[in-house]
Amino acid sequence: MARRPSRTLTEVELEFMQLLWEQGELASEDIEARYAERGTPLTGGSVRKVLGILMRKGYATRRKEGKKFMYTAQVRREQASAGVVKDLLQRVFGGSASLLVTALLDSREVPAQDLKEIERLIAERRKETENGNS
């Protein structure tokens, strides 16, 4: 069965987006060099293919500068994160936020400081909901 195209980011696409969010604007050669520095060389064609996919999905844009194209993120990191979480929530947990949180907590990898922050965020959201601001 053929894999259906995903509107959310794959692992490699997310790595490219991380670079664009961190650097602001990069040429495909810059991305190729970053991967080579990490010891994971990619061909120029592979880099351009992933950038093309990111543009088709609406995550990146490009502009011509001399003989090369400069790529920038079109979507903020927060927007992309929300999309990935929504996709995960639907595909894996059937839309149930409580099942997602249960899976997270059952992983036993949640530091105490994160638990405190999660509790604070829940209390804040509960207060907003009670005041009719949801």
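Below, each value reflects all heavy atoms present in this structure, side chains not excepted, and no hydrogens, waters or symmetry copies. Positions are given from 1, in the same order as the sequence printed here.
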Quiz prompt | Derivation of the side chain to side chain contact (heavy atoms under 4.5 Å, CB included) call for Met17 and Leu9 | solution = CA-CA 9 Å; Met17 289 303 297; Leu9 296 167; 4.1 Å; yes
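- Among residues two or more places apart in sequence or in another chain, the side-chain contact (heavy atoms from CB on, under 4.5 Å) test is passed with Val92 by Leu88.
- You'll find the side chain of Glu13 reaches within 4.5 Å of the side chain of Ile53, heavy atoms only.
- Looking at Glu128 and Arg125, a side-chain N of the basic residue comes within less than 4.0 Å of a carboxylate O on the acidic one, giving a salt bridge.
- Rounded to the nearest 0.5 Å, atoms OG1 (Thr129) and CD1 (Ile122) are 11.5 Å apart.
- Residue pairs meeting the ring-ring contact (aromatic ring centres under 6.0 Å, His included) criterion with at least one member in residues 87-132, sequence neighbours excluded, do not occur.
- Note on residues 94-107: pairs passing side-chain hydrogen bond (donor to acceptor under 3.5 Å, both in side chains), not counting sequence neighbours, are Ser96-Ser98.
- Atom NZ of Lys64 sits in a crowded spot, with more than 12 heavy atoms from other residues, nucleotides or ligands closer than 6.0 Å.
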Exercise. Please step through side chain to side chain contact (heavy atoms under 4.5 Å, CB included) for the pair Leu51 and Ile31, ending with a clear verdict.
Key: CA-CA 10 Å; Leu51 289 167; Ile31 294 172; 3.8 Å; yes
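- For Glu119, the side-chain hydrogen bond (donor to acceptor under 3.5 Å, both in side chains) criterion is met by no residue, not counting sequence neighbours.
- Here the straight-line distance linking atom CD of Gln90 with atom OG1 of Thr8 works out to 12.0 Å at 0.5 Å rounding.
- Residues forming a side-chain hydrogen bond (donor to acceptor under 3.5 Å, both in side chains) with Glu117 (at least two apart in sequence, or on another chain): Arg120.
- Between atom NZ of residue Lys116 and atom CG of residue Leu121 there is a gap of 14.5 Å, rounded to the nearest 0.5 Å.
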Under 3.5 Å, which donor-acceptor pairs do the side chains of residues 67-79 form with other protein atoms, sequence neighbours left out?
unit_1: Thr72; atom_1: OG1; unit_2: Thr61; atom_2: OG1; d: 3.0
unit_1: Arg77; atom_1: NH1; unit_2: Gln18; atom_2: OE1; d: 2.5
unit_1: Gln79; atom_1: OE1; unit_2: Arg76; atom_2: N; d: 2.9

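- Leu105 CG to Leu100 CG: the interatomic distance, rounded to the nearest 0.5 Å, is 9.5 Å.
- Linking ILVMFWY side-chain heavy atoms closer than 4.5 Å, directly or via other members, places Trp21 and Val12 in a single hydrophobic cluster.
- Residues in residues 45-64 take part in no ring-ring contact (aromatic ring centres under 6.0 Å, His included) pair, two or more places apart or across chains.
- Shown here are the side-chain hydrogen bond (donor to acceptor under 3.5 Å, both in side chains) partners of Glu22, two or more places apart in sequence or in another chain: there are none.
- For Arg56, the side-chain hydrogen bond (donor to acceptor under 3.5 Å, both in side chains) criterion is met by no residue, not counting sequence neighbours.
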Side-chain polar contacts of residues 33-44 - donor-acceptor pairs under 3.5 angstrom, sequence neighbours left out - could you list them?
unit_1: Arg34; atom_1: NH2; unit_2: Gln23; atom_2: OE1; d: 3.3
unit_1: Tyr35; atom_1: OH; unit_2: Glu15; atom_2: OE1; d: 2.6
unit_1: Thr43; atom_1: OG1; unit_2: Ser46; atom_2: N; d: 3.1
unit_1: Thr43; atom_1: OG1; unit_2: Ser46; atom_2: OG; d: 2.9

